Participant: 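There's a structure below that I have some questions on.
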Protein chains: 2
Amino acid sequence: MSERRVTIRDVAAAAGVSVTTVSHALNGKGSVDPATRERVIAAAGDLGYRASRAARALRSGRTGVIAMLLPAPDTLDAEREMLSLDYYMQLAMAAAGAAFERHHPLLLTPPLKTVAELRELGVDGGILCDPGRADPRLALFEELGLPVVTIERDLGRPEHRWYVRGDNEANTHELLDHLADAGATRVAMLAAESDWAWSAESEQAYRAWCASRGQEPIVEVTGLHQLEASAYESGGRLLDRPQRPDAIFALAESYATGVVRAARDRGLEVPRDLLVASGIDSQQTREATPPITTIDLLPQDQGAAAARLLVERLEGAEPAAPVVVPAALRIRASTQP
Amino acid sequence: MSERRVTIRDVAAAAGVSVTTVSHALNGKGSVDPATRERVIAAAGDLGYRASRAARALRSGRTGVIAMLLPAPDTLDAEREMLSLDYYMQLAMAAAGAAFERHHPLLLTPPLKTVAELRELGVDGGILCDPGRADPRLALFEELGLPVVTIERDLGRPEHRWYVRGDNEANTHELLDHLADAGATRVAMLAAESDWAWSAESEQAYRAWCASRGQEPIVEVTGLHQLEASAYESGGRLLDRPQRPDAIFALAESYATGVVRAARDRGLEVPRDLLVASGIDSQQTREATPPITTIDLLPQDQGAAAARLLVERLEGAEPAAPVVVPAALRIRASTQP
DNA sequence: TCCCATGACCAAAACGTTTTGGTCTATCGT
DNA sequence: ACGATAGACCAAAACGTTTTGGTCATGGGA
């Protein structure tokens, strides 16, 4: 009836050693005879022993728990419009899976403002997605001496090298080359008004690509709220130029659909009269009419990589960082005339 | 330098009582003089005391942590296609926020298979989203005696009354009435092939509505993978009927866009020749061309309600359940001829 | 031979709570 | 006036680890 918990004492008894030795053997801490260690590990396995997270946390101060911080808009209303929820969901689930495999649960963390809030969470470290320039949340962690891995860099923190990122330059180049191959001669960009590395680097890569081709960059910066509507407008401005672009690289997913609508309203057909591609993949771009070519950043890979990186740090290893996660170009009808 | 933690002992000293009394006063457990309780609470406040989660967990066996279980598809590939990621993201974030406010962190939990995995998580309870019929994950929690709140009921568990749900019958009726008001006389439904309560109840409500109007129900069941493509096909079948429907209630978000495409391919214009509405709201329906009328289930409210319900149970209250969360009908161009 | 590392091991303390099992005083019913 | 009951309080045990500060051989260098 009474399913008593298997404690370290039970393991010690089974292996015929002290609890100290069990602890050392299992955590690779002190010095224990290899044979003894084997015996302890076997005994622990037989009994199905798992150290109590609470006891461990109490004594050592480490909980093993990881905080996941998604981009925190100021208002919830803004969130609705702004986030590529699709992308972050994939990211979060993948990170949770990878962390859990390594016995580190992942906390979904609401926007944090103060050190007290962070302290109360009782986490050992955090994954911070798309930090703004000199993101205050990063500072919060540092204040408590907790390790952080960011997904994409913090542009205001060049010294912080613990991050996972997409190869935004290469991805952008590849996409733009694809557009050129498909016949585009005047490629414009719908960039985002943000201080995220992803956004800044993508825009910069676009400009570099233009320069390398002796082409003049055509950039419209688009707002972060009311994504589709903003893109409809700024995309429309691009299309109304005397020298109309024949391809548009719309950074966000909703930008792309906004541009397609603007084109359609002007009697332009995608991809016949205009090629459209997006810098991020989602159900929206996959299922749009026509389906839209995108850079799939593989959020599953990014999330898993970030979790791995953080866990390795937590466990005392010195993993190589930063990590660059390759993306996949998803070529769809919107760029195939 | 040494920022020593404020412990219960410090509070006891400050209030001039024993640690037992502090514990009792703060947790409302034993019997303490109201004046003393005040004094203790004041002292704790002054010192900024927060009970150590680890210590509490160790002694009492309760961690205060909540597990969040999203619908677990068998393969990750299926997930990509199937989930309304948007909706679940909102749900999860809202639940995390509401739980955190009440000092209960929320764990994002990967698909669980065994009791051992669940035990290792060390949670006090769980929120289970969209359980399938007799969902095995619900059983996992029960096996450990942990409370669960589901979002939408488990159709195979009528006795389990701890759930939060949308008023699917009323929502569906309201939406269908709106279609009728907009001039529809033959409303068809694109239902989903699933054993979720949301899906089953919505379909049933549709049939009931038809019956109450003496109208024959027209239902096409659509697959859960390749949502948009499946809906394009089954929606097309509806449109190719000799007696073509003049409105389609497409349950899932991607069903609606699929139907719109099928209509467009047949030279039908939405909303002129066909009204289209969806049972779930998302960025996709908001930004579609034309924007699609939907039932916004208000996942923020559902998530927060579920978290509240579970937390109240965890804290020993006997909250009223089940909870019905009202939805909002989002009327958009797709149903305004 | 003696001394000093070093390796293998262990008993006990410590982490910060909650819970158990009390003591003591005041009040109530008879 | 007496025992019983309830209220207010407390000391100590308990939760299951990790860490501290050892002991005791064993072997190598002087």
Side-chain angles (χ1 to χ4, degrees), chain A residues 2-41 43-44 47-65 103-104 119-120 122 124 314-316, chain B residues 2-41 43-44 47-65 103-104 119-120 122 124 314-316:
Chain A
S2 70
E3 287 239 26
R4 209 175 53 76
R5 180 187 182 99
V6 178
T7 77
I8 196 173
R9 247 170 267 280
D10 301 323
V11 178
V17 294
S18 74
V19 292
T20 307
T21 302
V22 173
S23 177
H24 283 162
L26 259 32
N27 300 321
K29 280 294 176 61
S31 76
V32 305
D33 189 285
T36 309
R37 157 165 293 132
E38 281 310 316
R39 201 148 34 89
V40 169
I41 291 178
L47 297 172
Y49 169 74
R50 304 254 69 203
S52 149
R53 195 166 264 124
R56 175 187 303 228
L58 178 57
R59 177 62 243 225
S60 70
R62 268 158 259 126
T63 62
V65 179
H103 308 290
H104 289 266
R119 199 196 309 269
E120 175 173 354
D124 282 359
L314 290 178
E315 294 181 345
Chain B
S2 69
E3 286 240 26
R4 208 177 52 76
R5 178 184 184 100
V6 178
T7 78
I8 197 174
R9 248 170 266 279
D10 301 323
V11 178
V17 295
S18 73
V19 293
T20 306
T21 301
V22 174
S23 178
H24 283 162
L26 260 31
N27 300 321
K29 279 293 177 60
S31 75
V32 305
D33 189 286
T36 309
R37 158 166 292 134
E38 282 309 315
R39 204 149 32 91
V40 169
I41 291 178
L47 296 171
Y49 168 74
R50 304 255 68 202
S52 149
R53 192 166 265 124
R56 178 190 303 241
L58 177 56
R59 177 60 242 229
S60 70
R62 269 159 260 127
T63 61
V65 179
H103 308 293
H104 289 266
R119 200 196 308 268
E120 175 173 354
D124 281 0
L314 289 179
E315 294 181 345

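All chains are named by letter (A, B, ...) in the order of the sequence lines, taking the proteins before the strands, and each is independently numbered beginning at 1. Everything numeric here is computed off the predicted structure, so don't read it as measured data.
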Participant: Can you measure from OG1 (A:Thr36) to CD1 (A:Ile41) and round to the nearest 0.5 angstrom?
Facilitator: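 Rounded to the nearest 0.5 Å, the OG1-CD1 separation comes to 11.0 Å.
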Participant: Considering heavy-atom distances to DNA chain D, does B:Ser60 or B:Thr36 have its closest nucleotide positioned more toward the 5' end?
Facilitator: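 Nearer the 5' end of the strand: B:Thr36.
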Participant: Under 4.0 Å from a heavy atom of chain B: give me the 5'-most and 3'-most nucleotides of DNA chain C that qualify.
Facilitator: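 Boundary nucleotides touching chain B, in 5' to 3' order, are C:dG16 to C:dT20.
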Participant: Can you list, in residue-number order, the parts of residues 49-56 of chain B that come under 4.0 Å of DNA chain C, counting heavy atoms only?
Facilitator: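 Close to the strand are B:Tyr49, B:Arg50, B:Ala51, B:Ser52, B:Ala55, B:Arg56.
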Participant: Restricting to non-hydrogen atoms, name the atom on B:Val40 and the atom on B:Leu26 that form the minimum distance, rounded to 0.1 Å.
Facilitator: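 In this case the closest contact between B:Val40 and B:Leu26 is CG1-CD1, 3.5 Å.
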Participant: Report the residues that fulfil side chain to side chain donor-acceptor pair (under 3.5 Å) with B:His24, sequence neighbours left out, ordered by chain and then residue number.
Facilitator: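 Here no residue qualifies.
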Participant: What residues form a salt bridge (Lys or Arg N to Asp or Glu O under 4.0 Å) with A:Asp10, not counting sequence neighbours?
Facilitator: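 Salt bridge (Lys or Arg N to Asp or Glu O under 4.0 Å) list for A:Asp10, sorted by chain: A:Arg4.
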Participant: Pick base, sugar-phosphate or nothing for B:Val11, based on heavy-atom distances below 4.0 Å to the nucleic acid.
Facilitator: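 The answer is nothing, as B:Val11 stays clear of every strand by at least 4.0 Å.
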Participant: Measure the spacing between CD of A:Glu315 and CG of A:Asn27 and express it to the nearest 0.5 Å.
Facilitator: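 Answer rounded to 0.5 Å: 10.5 Å.
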Participant: Contact class for B:Arg62 vs. all strands (heavy atom < 4.0 Å): base, sugar-phosphate, or nothing?
Facilitator: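 Sugar-phosphate contact only.
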Participant: Any idea which heavy atoms bring B:Ser52 and B:Ala55 closest together, and the distance?
Facilitator: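 Heavy atoms of B:Ser52 and B:Ala55 come nearest at OG-N, 2.9 Å.
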Participant: Pick base, sugar-phosphate or nothing for A:Thr7, based on heavy-atom distances below 4.0 Å to the nucleic acid.
Facilitator: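 Since only primed, P, OP1 and OP2 atoms lie under 4.0 Å of A:Thr7, the category is sugar-phosphate.
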Participant: For A:Arg50, check side chain to side chain donor-acceptor pair (under 3.5 Å) against everything at least two apart and list the hits.
Facilitator: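 Scan of A:Arg50 (side chain to side chain donor-acceptor pair (under 3.5 Å), adjacent residues dropped) gives A:His103, B:Glu120.
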Participant: Can you list, by residue number, the residues of residues 13-23 of chain B that have a non-hydrogen atom closer than 4.0 angstrom to DNA chain D?
Facilitator: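 DNA chain D contact set from residues 13-23 of chain B: B:Val17, B:Ser18, B:Thr20, B:Thr21.
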Participant: Of all heavy-atom pairs between A:His104 and A:Gly64, which one has the smallest distance, and what is that distance?
Facilitator: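 Nearest pair, atom of A:His104 first, then A:Gly64: ND1-O, 2.7 Å.
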Participant: Can you tell me how far P of D:dG22 sits from NE2 of A:His24, to the nearest Å?
Facilitator: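 The distance from NE2 of A:His24 to P of D:dG22 comes to 15 Å, rounded to the nearest Å.
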Participant: Do you know which of A:Val17, A:Val22, A:Asp33 makes side chain to side chain contact (heavy atoms under 4.5 Å, CB included) with A:Arg39?
Facilitator: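 Of the listed residues A:Val17, A:Val22, A:Asp33, the side chain to side chain contact (heavy atoms under 4.5 Å, CB included) partner of A:Arg39 is A:Val17.
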Participant: Where do B:Asp124 and B:Gly61 come nearest, in terms of heavy atoms and distance?
Facilitator: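 Shortest heavy-atom contact: OD1-O, 4.3 Å.
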Participant: Out of curiosity, A:Thr20 OG1 to A:Ile8 CD1, how far, rounded to the nearest 0.5 Å?
Facilitator: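 Those atoms lie 8.0 Å apart.
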